[in-house]
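These figures come from a predicted structure and were not determined experimentally.
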Amino acid sequence: MSDASAKPSYRNPRVRRWASYLWREAIVKSWQPIAPPFAKPKPNEWSDARVTAAWLGHSTVLINFFGVKILTDPVLFPRIGVRVPFLFTIGPKRLTAPALRIDELPKIDVILLSHAHFDHLDWRTLAHFDSSVKVVTAPRTRDLLRWTKLRDITELGWGDRWGAERKGSKQSSLAGGEHPRSQQKTISNSLGDTTITAVPVKHWGARMQRDDFRGYNGYLIESRVRESGRILYAGDTAFTEQFAELRRYGPIDLAIFGIGAYQPWIRSHCSPEQAVQMANDAGAKFIMPVHHQTFRLSFEPFREPIERFETALSDQPQRIALREIGETFVLPS
């Protein structure tokens, strides 16, 4: 499942120099204070009858999906990287604080993990959730959660669906042209069942250098009883034309795409312009740009991703769901 074209090779001396430079930057600038977020969400005031999403930083988005609380790739501590138990974390430090602390989150129903990279699957953050939280994750990543309290864990391959099967659903080309395989676990409320489908992205999943067997996903979040409110969370991805295939599921109301870490990692992370193109391919009405302004993982200037993103949508600025860490987007009814 690993995409050899997306994974950087550390045999390449240029890649080694880039990685070395970024690690030096992380160490030298570790003394600098972490900037506060632009805004602070108020999830206790959100309506369970609407779809609401707030960007907490990096790829962490808190979503109220008609009353179901979903958290994507939760990373809520000052550093990411290798954790020395009970002592410290070796790795990049945040440039901007998360918009909410863990103790400020509402009760989470579902955590979505796109892949195993340290900036998306953070042990220190995940250790704070209990066994009542359901986890949907990529193939062959369950073992990474064994040191947490999380036990309700479902691995999804591309085309697999978590939740009840929809009657009369159209065929999908995501899994060899077959209907998505449905996992029986689901979560329901008064507004109906929520389903989550794993979709293909162009990235790579190894947490360390040699565990290339690990998977990597994007996710499509839907309600069984409502046509509106469909959300695409793309995780990490380089440019791919595969998002056009999602149109068969119906209109996508909100697409969440990473727009940073493309210089020099363009083979595994898309540029802002490419994120807009992929969202357009998927038929998304609104686009939420994430994966920038949080950690220094690449060379592009701090504000460049969001500035290029705004320029790419300068003729349709109303499609930009938000711009800054901590802002909240409410899907129009």
Side-chain angles (χ1 to χ4, degrees), residues 41 43-55 60-74 105-114 132-137 152 154 156-175 179-200 217-235 243 245-257 279 282-288 290 319 321-322 328-333:
N44 59 314
E45 299 179 2
W46 297 354
S47 170
D48 288 348
R50 306 288 293 274
V51 171
T52 308
W55 181 30
T60 306
V61 180
L62 175 62
I63 303 169
N64 184 333
F65 189 74
F66 301 118
V68 177
K69 311 305 191 302
I70 300 172
L71 194 63
T72 67
D73 290 340
L105 293 174
K107 178 68 177 70
I108 300 299
D109 297 303
V110 183
I111 289 175
L112 296 184
L113 298 176
S114 62
S132 68
V133 180
K134 302 177 189 298
V135 178
V136 177
T137 188
D152 191 343
T154 302
L156 294 184
W158 294 345
D160 289 348
R161 174 179 290 149
W162 179 89
E165 189 73 13
R166 291 192 299 176
K167 294 181 180 180
S169 61
K170 298 180 180 179
Q171 286 191 335
S172 169
S173 61
L174 300 181
H179 288 285
R181 295 181 295 277
S182 179
Q183 304 284 337
Q184 293 306 307
K185 296 177 182 179
T186 188
I187 191 162
S188 303
N189 58 20
S190 60
L191 296 177
D193 293 340
T194 296
T195 66
I196 297 169
T197 303
V199 302
N217 291 337
Y219 295 104
L220 188 65
I221 307 167
E222 304 176 273
S223 169
R224 289 190 65 205
V225 298
R226 302 176 68 116
E227 275 301 309
S228 64
R230 192 174 285 109
I231 297 176
L232 168 63
Y233 172 59
F243 286 103
E245 298 177 6
L246 299 184
R247 286 178 176 262
R248 67 181 60 238
Y249 285 95
I252 292 176
D253 297 281
L254 174 64
I256 303 170
F257 271 93
K285 184 175 181 181
F286 296 98
I287 314 172
M288 179 182 293
V290 299
R319 295 180 63 200
L322 50 75
T328 298
F329 171 75
V330 181
L331 186 67
S333 56

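- Minimum heavy-atom separation, G67 to D109: O-OD2, 3.9 Å.
- Summarising the geometry of V51 relative to G229, their closest heavy-atom pair is CG2-CA, 4.0 Å, with the distance given to 0.1 Å.
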Which is it for L331 and F329 under the side chain to side chain contact (heavy atoms under 4.5 Å, CB included) test, yes or no, and what are the steps along the way?
CA-CA 6 Å; L331 186 67; F329 171 75; 4.0 Å; yes

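- Atom CG of L232 sits about 10.5 Å away from atom CD1 of I287, to the nearest 0.5 Å.
- The closest donor-acceptor contact from the side chain of R319 to the backbone of F286 lies at 3.5 Å or more, if one exists at all.
- For the atom pair CD1 of I70 and CD1 of I108, the computed distance is 9.5 Å after rounding to the nearest 0.5 Å.
- Shown here for L113 and Y219, the closest heavy-atom pair between the two residues is O-OH, 2.7 Å.
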Item to complete: Starting from the C-alpha separation in whole Å, work towards a yes-or-no answer on side chain to side chain contact (heavy atoms under 4.5 Å, CB included) for K134 and T154.
Response: CA-CA 8 Å; K134 302 177 189 298; T154 302; over 6 Å; no

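- The only member of I63, L62, V330 that meets side chain to side chain contact (heavy atoms under 4.5 Å, CB included) when paired with W46 is L62.
- Note that CD of E222 is 4.5 Å distant from OG1 of T195, once rounded to the nearest 0.5 Å.
- Nearest heavy-atom pair across D253 and E227 is OD2-O, 4.3 Å.
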Verdict with supporting geometry, V110 and W162, side chain to side chain contact (heavy atoms under 4.5 Å, CB included): CA-CA 11 Å; V110 183; W162 179 89; 4.0 Å; yes

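- Remark: the backbone N or O of V61 is paired with a side-chain donor or acceptor of T72 at under 3.5 angstrom.
- Of all heavy-atom pairs spanning T60 and P74, the tightest one is OG1-CA, 3.6 Å.
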Given the rule in the side chain to side chain contact (heavy atoms under 4.5 Å, CB included) test, do K69 and D48 qualify, once you have shown the distances and angles that lead to the verdict? CA-CA 9 Å; K69 311 305 191 302; D48 288 348; 3.7 Å; yes

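- Checked against L112 for a side chain to side chain contact (heavy atoms under 4.5 Å, CB included), the options L156, L71, I221, N217 give a single hit: I221.
- Ring orientation note: the planes of F243 and F257 are nearly perpendicular, at an angle over 60° on the 30°/60° scale.
- Taking the ring axis of Y249 as reference, the NZ or CZ atom of R230 does not stay both within 45° of it and closer than 6.0 Å to the ring centre.
- N64 and S47 make their closest contact through ND2-O, 3.9 Å (heavy atoms, listed as atom of the first residue, atom of the second, distance).
- No hydrogens or angles considered: a donor-acceptor pair under 3.5 Å links the side chains of D73 and S114.
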